[in-house]
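This report concerns only the one structure given below.
Start at 1 and go down the list; that is how both ligands and their atoms are numbered.
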Amino acid sequence: RAKESGRNTQCFYDANIQRLITDQLELQRDLRLAIAEDQLQLYYQLQVDRYKQVAGVEALVRWHHPQRGMVMPGVFIHVAEQSDDIICLGDWILDRACRQLLEWQNHPQRFQWSIAVNVSVRQLRADDFADKVIETLQRTGARPDRLLLEITESMLLIDTEQVIQKMARLKKVGVRFSLDDFGTGYSSLGYLNRLPIDELKIDQSFVSDMTDDEHHQVLIRTILSLGKTLSLTTIAEGVETEQQFTILKALGCDRFQGYWFGRPVPAHELPEY
Ligand code: C2E
Ligand code: MG
Ligand code: MG
Ligand code: MG
């Protein structure tokens with residue numbers, strides 16, 4: 001009997017894995033159609049300064065799947081990242097964000113807004129990454145100094161020299177870089193100041209635990225003073241309450257992003273100020 005149930009457990013386990021694989025393959029297949037079928041959309045989330053003035057937005061991709069409904073990037077980005085699909089997806093996202101920038105450049109209240117675009121490691125490691133970004137800026141007419149590229153610490157562990165060279169080329173034309181999810185990765189401090197970055201983005205996990213976990217507040221304090229020392233802008237993500245905003249402001253954080261100021265929405269749903 002024990003043997004039998006053991007085998008059943010085994011089967012059950014295999015069936016789960018099987019379903020997972022089928023699911024991923026299905027997602028991958030559907031994703032390849034998504035761009036052509038116009039199922040992707042960029043949502044934008046406000047980023048504000050200490051006076052709650054909008055400084056810019058972060059672009060966050062959404063997928064309107066014909067059967068599944070809205071699929072979040074947490075579900076499909078890692079699937080796309082397993083192949084060059086992420087390159088196609090990334091090209092599309094960059095193109096849309098730059099076109100949005102151009103539209104805002106001619107808008108009386110939004111001409112100074114920047115757009116932060118998340119970049120995946122495979123994009124950054126492609127030889128033509130810098131050329132492609134420059135070409136997209138030129139083709140769309142978006143101002144390079146309005147574009148922020150968000151990268152994560154782990155992306156800088158491999159091919160560091162080549163990556164820094166590409167970043168430096170983009171910085172020369174005015175593009176800026178933000179280090180996303182900062183504090184969760186592996187940056188050694190010595191190597192941070194070699195990177196051509198402009199902004200540190202404090203991970204939302206520190207922000208969410210900040211009010212009841214003193215260690216996290218100490219960590220945030222350390223990141224903020226590090227930012228100051230290196231002359232980097234600091235931004236906190238995942239700000240959900242007024243209390244978090246007040247504390248972060250008191251600690252000297254420059255910028256804020258989170259549900260407290262607004263959820264990610266399509267461009268036409270952004271508030272009119
Ligand atoms: P991320 O870049 O760290 O983006 C922040 C995530 O936190 C977003 O989730 C955003 O909706 C969410 N968020 C914002 N404010 C709050 C808040 O106050 N509380 C909480 N709990 N969450 C908040 P989203 O849109 O699901 O994106 C998840 C991740 O997917 C992103 O993390 C990013 O790594 C990736 N991603 C999203 N869009 C793109 C894209 O266009 N390209 C690439 N390569 N990756 C993307
Ligand atoms: Mg991001
Ligand atoms: Mg982040
Ligand atoms: Mg995050």
Side-chain angles (χ1 to χ4, degrees), residues 27 31 34-35 39-48 56-64 69-101 114-126 129 132-133 136 147-155 176-185 187 197-211 220 223 233-245 248 253 255-267 269-270:
L27 266 184
L31 193 55
I35 296 180
Q39 295 165 4
L40 298 173
Q41 187 180 14
L42 285 188
Y43 273 40
Y44 296 96
Q45 186 178 34
L46 297 179
Q47 299 181 330
V48 304
V57 296
E58 178 176 16
L60 296 157
V61 67
R62 300 290 182 260
W63 177 13
H64 303 284
M70 195 198 289
V71 187
M72 301 300 277
V75 175
F76 66 89
I77 287 289
H78 75 95
V79 176
E81 279 174 341
Q82 282 158 23
S83 72
D84 277 347
D85 292 345
I86 192 63
I87 305 277
C88 297
L89 198 68
D91 290 350
W92 183 89
I93 290 165
L94 189 68
D95 179 77
R96 282 308 156 106
C98 287
R99 289 206 250 160
Q100 187 61 67
L101 269 178
S114 59
I115 298 186
V117 173
N118 292 282
V119 171
S120 290
V121 63
R122 206 186 272 259
Q123 288 178 272
L124 194 62
R125 291 181 65 191
F129 177 70
K132 206 179 254 176
V133 174
T136 307
L147 180 66
L148 253 126
L149 298 177
E150 291 197 4
I151 60 172
T152 58
E153 297 163 84
S154 55
M155 293 183 187
R176 286 171 293 153
F177 287 90
S178 177
L179 209 46
D180 201 358
D181 304 334
F182 188 71
T184 60
S187 296
I197 51 167
D198 305 271
E199 180 180 271
L200 291 181
K201 195 164 192 184
I202 302 169
D203 190 64
Q204 58 186 59
S205 60
F206 301 125
V207 176
S208 66
D209 292 347
M210 182 180 64
T211 36
I220 289 177
I223 296 175
T233 306
T234 48
I235 179 166
E237 69 178 359
V239 181
E240 293 182 352
T241 66
E242 175 149 44
Q243 192 191 9
Q244 289 167 346
F245 175 50
L248 286 161
C253 190
R255 299 247 158 115
F256 313 84
Q257 178 184 343
Y259 295 166
W260 181 250
F261 307 101
R263 294 193 174 243
V265 290
E269 285 178 36
L270 283 165

*Flag N118 as yes if one of its N/O/S atoms falls below 2.8 Å of the Mg ion (ligand 2), otherwise no.*
yes
From the candidates [options], the one that places a heavy atom nearest [atom]:
atom: atom 46 (C) of ligand 1; options: V239, N118, V121; answer: N118
atom: atom 24 (P) of ligand 1; options: P73, S120, G90; answer: P73
atom: atom 25 (O) of ligand 1; options: R122, E150, R62; answer: R62

_Give the atom numbers and elements of ligand 1 that come within less than 4.0 Å of a heavy atom of E240._
17 (C), 18 (O), 19 (N), 20 (C), 21 (N)
_Where ligand 1 meets Q45 - atom numbers and elements under 4.0 angstrom, heavy-atom basis_ =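 The list of qualifying atoms is 14 (C), 15 (N).
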*Hey, is E58 one of the residues with a heavy atom under 4.0 angstrom from ligand 1?*
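It does; at least one heavy atom falls under 4.0 Å.
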_Assess, by modelled atom type and distance only, whether the side chains of E58 and Q45 contain a donor and an acceptor separated by less than 3.5 Å._
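Side-chain D/A pair, E58 to Q45: absent.
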*State whether a side-chain donor-acceptor pair under 3.5 Å links Q243 with T211.*
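Judged by distance alone, the side chains do not pair up.
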*Would you check if the distance from the ring center of W63 to the ring center of F76 is below 6.0 Å?*
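Judged by ring-centre distance (under 6.0 Å), W63 and F76 do meet the cut-off.
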*Is the distance from the Mg ion (ligand 3) to some N, O or S atom of E237 under 2.8 Å?*
yes
*Ignoring angles and geometry beyond distance, decide whether E81 reaches within less than 3.5 Å of ligand 1 through its nitrogen or oxygen atoms.*
no
*Test of proximity, V61 against ligand 1: N or O pairs below 3.5 Å*: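 Looking only at distances, the answer is yes, because the N/O contact criterion of under 3.5 Å is met.
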*Of all N, O or S atoms in D181, which has the smallest distance to the Mg ion (ligand 3)?*
OD1
*Taking the Mg ion (ligand 3) as the reference point, name the nearest N/O/S atom of D180.*
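Within D180, restricted to N, O or S, the Mg ion (ligand 3) is closest to atom OD1.
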